[in-house]
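What follows is a short report on a single structure.
Model, not experiment: these values are computed from the prediction. We use all heavy atoms of the structure for the numbers below, so side chains are in, but hydrogens, waters and symmetry mates are not. In this chain, residues are counted from 1 in sequence order.
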Amino acid sequence: MKIWIAMCSGNDAAWSQWTSNLAEWLKDTMTTYASGCDGPVRMAEFQYRYERHGRKTHQEGLGAACVLDGWLKHAQCGQIWGDHMPMGTRNQLLQTFNQHPEGMMQSSSGDFTLSVWDRERETLCIGSDVYGSRPIYYWISPEQELFVSSDLRALLHVHHIPFDIDYERCLLYLSSQYAVGENNFEANTFFKGICKIPAATIARWNNGRWTLNTYWGMHNLLNLENIQQDAAPMFRNAMIEAVGDRLHHSTSIVEVSGGLDSAAVLAAAIAGGHKERVLGVNISFSGEDMVQSNDMDLVRRLFQDLQMPSIIILGDNTLKMPNAELGRDPLWFLDGPDPRANVLINEMYTAIANEFGTDAGLTGEGGDFLFTGEEYVLDSLIRQRKWKEMLHTLWAWSDHKLGKAIQLGAAYGLAPFIPVVNDRMYYKLAWSDSEYEMPEYFTQAHMARERSAQRDDYMRYKQSKPFKYWGKRYHYDYTWPRASYLDAVGVSMQSMHPFFDRRMMELSFSVPTEQHYDVLRGEVDNYYGTKMLIRKAFTDILPTYLHNRVTKTSYAHMARKSLLNERSNLLQLFDRSEEVLLHQLEVINKHKFWEHLLGTLIRVSDTNNDLGMSYQYLRMVISMEIWLREMSKGKAAVLERAKPRSPRWLADIEIVGELQQFKEIKNHSFMTGV
């Protein structure tokens, strides 16, 4: 894993102090340190592993003012991995980028962050990939000095960067825009003055001036022509390429949930001839009360049918609220609370990755956003002048009932073509059901904040109006803004997301809606009608019980279980005699919140209670309160907690098949074999 830093300033003392602080902080895990300078620019890379096995730190020079984290693929440069960039490769990347930055980035693929010094123009350039799958943070001093890093923790080692919480930004996190949906602060953090480079952006620093230029986005997607032939073979080929490009290590973990998205990643690896290079890892639960959130039997059968030695993590013990017992867990999501449902499992994934000598994993994230689809097919068929297919679809969809056909035709066929009705009807059908009533423990001041957030959401939906096709609008609104968990730091292996590859995203927006969603199958079950390209692409590899899944697994009971496991800690955390920061900030009424929390903790004993959407608000309050209390301990305490440490084994595992790599630790009590 890597942290890179860059500074544009002639302050040698500040640079020396910064790099010394980072080297000391990473001394137990750092394997390689490389640095260099060119004029006013200084850059450094710190590579580290959670387990070094006694190896000494290797020091070297960068050779060229260019740093890269992750991987990047470009026709002229080939495929470059940041963990191994020979001198010639680094120089080639530098030269290619400086020749035509926007053109190169737009035609590149990868999960990466990049910083390049353009000596001729005296400009420091920082680039993010098309989806911003890795964060880049920066801070500008009052003296117009620029500090940049691929890791927020690194910036906090600069002595004169203030450790100043942006409370107003924190409180927005408790609105439905963030608590219920997936959303991140595209260019901001929870720390005043520290900002992020947005996705698909080249940031330039020249002579004390800062400019941000988007090199890829809606305008590119709007210009894509519809694919008229069957797109399933195209999806298959693109997925094989996107997955294959990410298999750099001898072994890479594929997170297999039992759903269609992660199964497509696994199938693409097999179809691309990489079966021996991937390890399927699933998270399931052994408790009888978790049966509704348990795909263990299906995943075990999948691994056996594919004849793939794999691992199932039994994650019952990881179902906890992060840091509900303050000071307990080293896992950190420094840029605000971690929004993931089961954050401790990431530490377990990393522990397994260490056993296989890898720090890379592939996920199915993005499949839900880009390839799911909804019932927005009629306007697509009309715009393509497919009149017979439109009428046939409408008549079958309406069960051959004239009244229903008129109703569906007006809502989904005519409304998109009427300017005033178009936006209102789209919002009503696609998004109005995502608005939820706020719990009564929130104050009036926060209710006003929530109303403002809902207005912002509505305006964001209106910005996608250039997409005339409702289905493409839906994909765009669902995919952007990015999910905030992409900015996670801490005990976590590097995650790569094939669905967020530029090639996959452009394919998604090239495919007409009716190829994404089958309204007739959707009548059986909405999920059964979605993700039609994923279902069709790998039928030769994936068994029928998987590529034809009718229902989606519910993970709602994970929430119930995590509250059940943390009852005593939560009651202590919000005891009415304690000072509650969110009460002091006039966000919640702590007495009303206590009553709500107490009632919820009583209800979690009912295995049939999935808590509904009120849990999302409850969790956000708990997470933000904990995060603010941890931050109140100050920079030194935060950095000590955020230091890279070896991951812990937090769960039992079940091995499916034979894994030779585990033969030395097969006697561990937490392992079982099938």
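- In this structure, S508 contributes its side chain and M504 its backbone to no donor-acceptor pair below 3.5 Å.
- Listed for the R134 side chain is no donor-acceptor partner under 3.5 Å among the backbone atoms of D129.
- Counted by atom type alone, R42 and N11 present zero donor-acceptor pairs between their side chains at under 3.5 Å.
- Taking the centre of each ring, F147 and H157 stay at or above the 6.0 Å mark.
- With hydrogens and angles left out, the side-chain atoms of D477 and S464 include a donor and acceptor closer than 3.5 Å.
- Contact check for E640 versus K643: side-chain heavy atoms found under the 4.5 Å cut-off.
- Side-chain contact annotation: T251 with T358, donor-acceptor N/O pair under 3.5 Å absent.
- In summary, the side chains of W480 and Q463 do not present any donor paired with an acceptor at a separation below 3.5 Å, with no hydrogens or angles considered.
- Interatomic distance, H475 NE2 to M505 CE, rounded to the nearest 0.5 Å: 13.0 Å.
- In this structure, the side chains of F191 and L152 come closer than 4.5 Å at one or more pairs of heavy atoms.
- Under 3.5 Å, the side chains of H58 and T31 contain no donor-acceptor pair of N or O atoms.
- One N or O on the side chain of D359 and one on the backbone of M1 form a donor-acceptor pair closer than 3.5 Å.
- Under a 3.5 Å cut-off, the side chain of E45 and the backbone N or O of Y33 do not form any donor-acceptor pair.
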Side chain to side chain donor-acceptor pair (under 3.5 Å) assessment of S141 paired with H160: CA-CA 8 Å; S141 76; H160 50 291; 5.5 Å; no
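- At most 12 heavy atoms of other shown residues, nucleotides or ligands fall within 6.0 angstrom of atom NE2 in H84.
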Pair S149-W4, side chain to side chain donor-acceptor pair (under 3.5 Å): steps then yes or no: CA-CA 6 Å; S149 179; W4 62 253; over 6 Å; no
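- The shortest non-hydrogen separation linking T57 to M30 is OG1-O, 3.0 Å.
- Annotation for W18 and L155: closest pair CZ2-CD2, 4.0 Å, computed over non-hydrogen atoms.
- For S175 (side chain) and A453 (main-chain N/O), no donor-acceptor pair under 3.5 Å exists by modelled atom type.
- The pair R246-D501 meets the salt-bridge criterion, since a charged nitrogen lies less than 4.0 angstrom from a carboxylate oxygen.
- For the 3.5 Å distance criterion, the side chains of S9 and E145 qualify, holding a donor opposite an acceptor.
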Candidate pair D38 and R119, rule salt bridge (Lys or Arg N to Asp or Glu O under 4.0 Å), full reasoning: CA-CA 8 Å; D38 191 339; R119 182 190 298 175; 2.8 Å; yes
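- Counting only heavy atoms from C-beta outward, the side chains of Y215 and T201 never approach each other to under 4.5 Å.
- Using a 4.5 Å heavy-atom threshold, the side chains of V243 and V278 count as separate.
- A salt bridge links R449 with E168; the closest basic N to acidic carboxylate O contact falls under 4.0 Å.
- Between E102 and R204 a salt bridge is recorded (basic side-chain N to carboxylate O distance below 4.0 Å).
- Counting heavy atoms from C-beta outward, R153 and V638 have side chains that stay 4.5 Å or more apart.
- Between D245 and K73 a salt bridge is recorded (basic side-chain N to carboxylate O distance below 4.0 Å).
- Taken to the nearest 0.5 Å, the OG atom of S109 stands 8.0 Å off from the CG atom of L72.
- By the 4.5 Å heavy-atom criterion applied to side chains, S252 and R277 are not counted as neighbours.
- Within 6.0 Å of CD in E60 there are more than 12 heavy atoms belonging to other residues, nucleotides or ligands.
- Using modelled atom types, one finds no donor on one side chain facing an acceptor on the other under 3.5 Å when comparing W205 with Y138.
- Side chains of Y137 and V148 form no contact here, defined as non-hydrogen atoms less than 4.5 Å apart.
- There is no side-chain donor-acceptor pair under 3.5 Å between E24 and S20.
- Residues W216 and E506 meet the side-chain proximity criterion, which asks for heavy atoms closer than 4.5 Å.
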